[in-house]
Trainee: 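Starting off with a structure, shown below.
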Amino acid sequence: MTTRKTVFVDTSLCTGCKACSVACKAWNDLPAEENKLIKGYQSQVETTSKTWTYVRFVEKYENNKMNFMMLKLQCFHCKDPACMKACSSEAIYQTESGYTLINQDKCIGCGYCAANCPWEIPKVDPDLNKTFKCTGCIDRVENNLKPACVSTCQPGALHFGERKEMIQVAKARLAEVKKEHPKAQLYGDKAMGGTTYLYLLLDDPKVYEMPVDPSTPVSLTLWKDIIHPLGGIAAGAAAIAIAGGVIANAARGNYRAKREAKNTDTDSDQGISS
Ligand code: SF4
Ligand code: SF4
Ligand code: SF4
């Protein structure tokens, strides 16, 4: 039996070199995209159907000093993924090794997965009408190779291995890093059932503009776990509501509201800009 794998992202060692993003494009044969420098070293604000991982730069001001907080982002490969629950075509599935993948033959590009993902990771390619995101380099992992992003990271910010081992490595690093950064914490060890990408953050997730408590939208849980199994008229009525985009819009609204609130808190409470 295959055991669950994990990528440990140690943000304390990330230099923001973006080599992970380049390696991802090279291995997965993804084309370059035109972008511009938005602020600092930030040239991309979200994943796209052609860029499955990017580095977020956050400027943190403390005692009249600015520090960059850097974070590589991609699909977290949740153990209990909202995207899979949301997919109306059953195109999303999971592997024993801990990856959440999209079967492109089944994907119809409806975008419900993207609307319900707490991090808005999957993106629909409007030309192909298919949705794309990080595959965890499953083709490499199944051939005993590390994911391309992990292999290329020179400062040692990315580690790959068995989940149990990675959790031990993460805990040991946390104990070490906490001496200098008392707010340091692990992110992803419990969220969404425990994500395959596990992070060591130097500060509160809000500082990194990440949801503090990522979760599956209540409307989706209601539909999938309660209304849909009822079948018949109740399920039919709910299906019409979904077809009208009610659930997807609610999920989007929730996410935006949370993100806006988070940014407001972050700006006012902690003197952060990004
Ligand atoms: S390759 Fe490693 S150090 Fe460079 S940006 Fe990616 S995670 Fe950070
Ligand atoms: S991060 Fe989003 S897209 Fe990735 S598995 Fe979780 S819910 Fe799905
Ligand atoms: S695991 Fe593979 S597909 Fe995912 S971000 Fe890393 S290089 Fe890209």
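When reading the values below, keep in mind they use all heavy atoms of this one structure, side chains included, and skip hydrogens, waters and symmetry mates. First listed ligand is number 1; within each ligand, the first listed atom is number 1. Everything quoted here is computed from the prediction, not taken from an experiment.
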Trainee: Could you tell me, atom by atom, which parts of ligand 3 come under 4.0 Å of a heavy atom of Asn28?
Mentor: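 Per the distance check, 3 (S), 8 (Fe).
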
Trainee: Contact between ligand 3 and Arg140 is defined here as a heavy atom of the residue under 4.0 Å from a ligand atom; is it met?
Mentor: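 For ligand 3, residue contact (heavy atoms, under 4.0 Å) with Arg140 is absent.
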
Trainee: Can you find a side-chain donor-acceptor pair between Arg163 and Thr3 that sits under 3.5 Å?
Mentor: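 Per modelled atom types, Arg163 and Thr3 side chains form no pair under 3.5 Å.
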
Trainee: Counting from 1, what ligand 3 atoms have a heavy atom of Thr53 closer than 4.0 Å?
Mentor: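 Ligand 3 atoms under the 4.0 Å threshold to Thr53: 5 (S).
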
Trainee: Under 4.0 Å from any heavy atom of Gly16, which atoms of ligand 1 are there?
Mentor: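 Per the distance check, 5 (S), 8 (Fe).
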
Trainee: In terms of atom number and element, which parts of ligand 3 are under 4.0 angstrom from non-hydrogen atoms of Lys72?
Mentor: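 Here the atoms of ligand 3 in question are 5 (S).
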
Trainee: Considering only heavy atoms of Thr100, which atoms of ligand 2 have at least one such atom less than 4.0 Å away?
Mentor: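 With Thr100 as reference, the close atoms of ligand 2 come out as 5 (S).
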
Trainee: If you count the atoms of ligand 1 from 1 in the order shown, which ones are under 4.0 Å from a heavy atom of Cys17?
Mentor: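 Result: 1 (S), 3 (S), 4 (Fe), 5 (S).
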
Trainee: Does the side chain of Cys110 reach to within under 4.5 Å of the side chain of Ser88, using non-hydrogen atoms?
Mentor: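 A side-chain contact exists here, since the closest heavy-atom pair is under 4.5 Å.
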
Trainee: Give the numbers and elements of all ligand 2 atoms closer than 4.0 Å to a heavy atom of Phe76.
Mentor: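 By the 4.0 Å cutoff, the relevant atoms are 1 (S), 4 (Fe).
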
Trainee: Tell me, which protein residue and heavy-atom name are nearest atom 5 (S) of ligand 1, and how many Å apart are they?
Mentor: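 I find the closest protein heavy atom is Lys18 N, 3.2 Å.
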
Trainee: Under 4.0 angstrom from ligand 1, any heavy atom of Thr152?
Mentor: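 So Thr152 does not count as touching ligand 1.
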
Trainee: Given side-chain hydrogen bond (donor to acceptor under 3.5 Å, both in side chains), test Lys85 with Thr216 step by step and report yes or no.
Mentor: CA-CA 9 Å; Lys85 256 189 183 160; Thr216 300; 5.3 Å; no

Trainee: Taking 4.0 angstrom as the limit and counting only heavy atoms of Cys78, give me the atoms of ligand 2 inside it, by number and element.
Mentor: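 Heavy-atom distances to Cys78 below 4.0 Å select 1 (S), 5 (S), 6 (Fe), 7 (S).
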
Trainee: Is the closest side-chain donor-acceptor distance between Gln185 and Tyr187 under 3.5 Å?
Mentor: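 Per modelled atom types, Gln185 and Tyr187 side chains form no pair under 3.5 Å.
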
Trainee: Just so I know, are the side chains of Pro122 and Tyr112 near enough to count as touching, which here means a heavy-atom distance under 4.5 Å?
Mentor: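 They are not in contact (no side-chain heavy atoms under 4.5 Å apart), so the answer is no.
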
Trainee: Quick check: is Trp119 connected to Val9 through a chain of hydrophobic side chains (ILVMFWY, heavy atoms under 4.5 Å apart)?
Mentor: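 Cluster IDs for Val9 and Trp119 match.
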
Trainee: Considering only heavy atoms from C-beta outward, does the side chain of Gln94 approach that of His77 to under 4.5 Å?
Mentor: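 No; the side chains remain at least 4.5 Å from each other.
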
Trainee: Determine, using ring centers only, whether Phe76 and Tyr197 are less than 6.0 Å apart.
Mentor: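 Centroid distance Tyr197-Phe76: not below 6.0 Å, so no.
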
Trainee: Does ligand 2 have an atom that lies less than 4.0 angstrom from a heavy atom of Met192?
Mentor: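 The answer is no: ligand 2 sits nowhere under 4.0 Å from a heavy atom of Met192.
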
Trainee: Can you tell me if Ser97 and Arg4 form a side-chain donor-acceptor pair at under 3.5 Å?
Mentor: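 The answer is no; no qualifying pair exists.
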
Trainee: In terms of atom number and element, which parts of ligand 2 are under 4.0 angstrom from non-hydrogen atoms of Lys133?
Mentor: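 Atoms satisfying the 4.0 Å criterion: 3 (S).
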
Trainee: For ligand 3, which atoms sit closer than 4.0 Å to a heavy atom of Thr135?
Mentor: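 What qualifies from ligand 3 is 3 (S).
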
Trainee: Give a yes or no on whether Trp52 and Ile121 share a hydrophobic cluster (residues Ile, Leu, Val, Met, Phe, Trp, Tyr; joining criterion: side-chain heavy atoms under 4.5 Å apart).
Mentor: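 No, because Trp52 and Ile121 fall into different hydrophobic clusters, even though each may have its own neighbours under 4.5 Å.
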
Trainee: Counting from 1, what ligand 1 atoms have a heavy atom of Pro155 closer than 4.0 Å?
Mentor: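 Counting from 1, the qualifying ligand atoms are 3 (S).
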
Trainee: Considering only non-hydrogen protein atoms, determine which one is nearest to atom 1 (S) of ligand 3 and report residue, atom name and distance to 0.1 Å.
Mentor: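 Checking every protein heavy atom, the shortest distance to atom 1 (S) of ligand 3 gives Tyr197 OH, 3.2 Å.
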
Trainee: Would you tell me whether Ser43 and Lys18 have side-chain atoms, one donor and one acceptor, within less than 3.5 Å of each other?
Mentor: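 Looking only at side-chain atoms, Lys18 and Ser43 do form a donor-acceptor pair, the distance falling under 3.5 Å.
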
Trainee: Under 4.0 Å, counting heavy atoms only: does Gly136 come that close to any atom of ligand 3?
Mentor: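 Yes.
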
Trainee: Among Asp139, Thr152, Thr135, which residue satisfies the side-chain hydrogen bond (donor to acceptor under 3.5 Å, both in side chains) criterion with Trp27?
Mentor: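 Only match with Trp27 under side-chain hydrogen bond (donor to acceptor under 3.5 Å, both in side chains): Asp139.
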
Trainee: Which ligand 3 atoms, with their elements, are less than 4.0 angstrom from a heavy-atom of Cys137?
Mentor: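 Those of ligand 3 that fall under 4.0 Å from Cys137 are 1 (S), 2 (Fe), 3 (S), 7 (S).
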
Trainee: Mind checking whether Val55 contacts ligand 1 via backbone (N, CA, C, O), side chain (CB onward), both or neither, at a 4.0 Å heavy-atom cut-off?
Mentor: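 The part of Val55 near ligand 1 is the side chain, not the backbone.
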
Trainee: Just need the protein heavy atom nearest to atom 4 (Fe) of ligand 2, so name the residue and atom and give the distance.
Mentor: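 Ranked first by proximity to atom 4 (Fe) of ligand 2 is Cys75 SG, 2.4 Å.
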
Trainee: What are the atoms of ligand 2, with element, lying closer than 4.0 Å to any heavy atom of Trp119?
Mentor: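 Numbered from 1, ligand 2 contributes 1 (S).
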
Trainee: Tell me: protein heavy atom nearest atom 6 (Fe) of ligand 1, and distance?
Mentor: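 Ranking protein heavy atoms by distance from atom 6 (Fe) of ligand 1, first comes Cys20 SG, 2.3 Å.
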
Trainee: Out of all atoms in ligand 2, which are within 4.0 Å of some heavy atom of Ala82? Include the element for each.
Mentor: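 Listed by number with element, the hits are 7 (S).
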
Trainee: Quick one: look up the protein heavy atom nearest atom 8 (Fe) of ligand 1 and list residue, atom name and how far away it is.
Mentor: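 Looking only at protein heavy atoms, the one closest to atom 8 (Fe) of ligand 1 is Cys14 SG, 2.4 Å.
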
Trainee: Is Met69 close to Leu202 at the side-chain level, that is, under 4.5 Å between some pair of heavy atoms?
Mentor: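 In short, these two side chains touch, coming nearer than 4.5 Å.
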
Trainee: Students should be able to answer this: which protein heavy-atom is nearest to atom 3 (S) of ligand 2, and at what distance?
Mentor: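 Answer for atom 3 (S) of ligand 2: Pro122 CG, 3.5 Å.
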
Trainee: By the definition side-chain hydrogen bond (donor to acceptor under 3.5 Å, both in side chains), identify the one residue from Thr47, Thr48, Thr131 that meets it with Lys123.
Mentor: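 Exactly one pass, corresponding to Thr47.
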
Trainee: Checking a contact table here: which protein heavy atom is nearest atom 2 (Fe) of ligand 1, and how many Å away?
Mentor: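 Nearest protein contact, heavy atoms only, for atom 2 (Fe) of ligand 1 is Cys153 SG, 2.4 Å.
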
Trainee: Under 4.0 Å from a heavy atom of Pro147: give me the atoms of ligand 3 that qualify, with their elements.
Mentor: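 Answer, ordered by atom number: 1 (S).
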
Trainee: Please identify which atoms of ligand 3 are closer than 4.0 Å to at least one heavy atom of Cys24.
Mentor: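 Result: 3 (S), 5 (S), 7 (S), 8 (Fe).
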
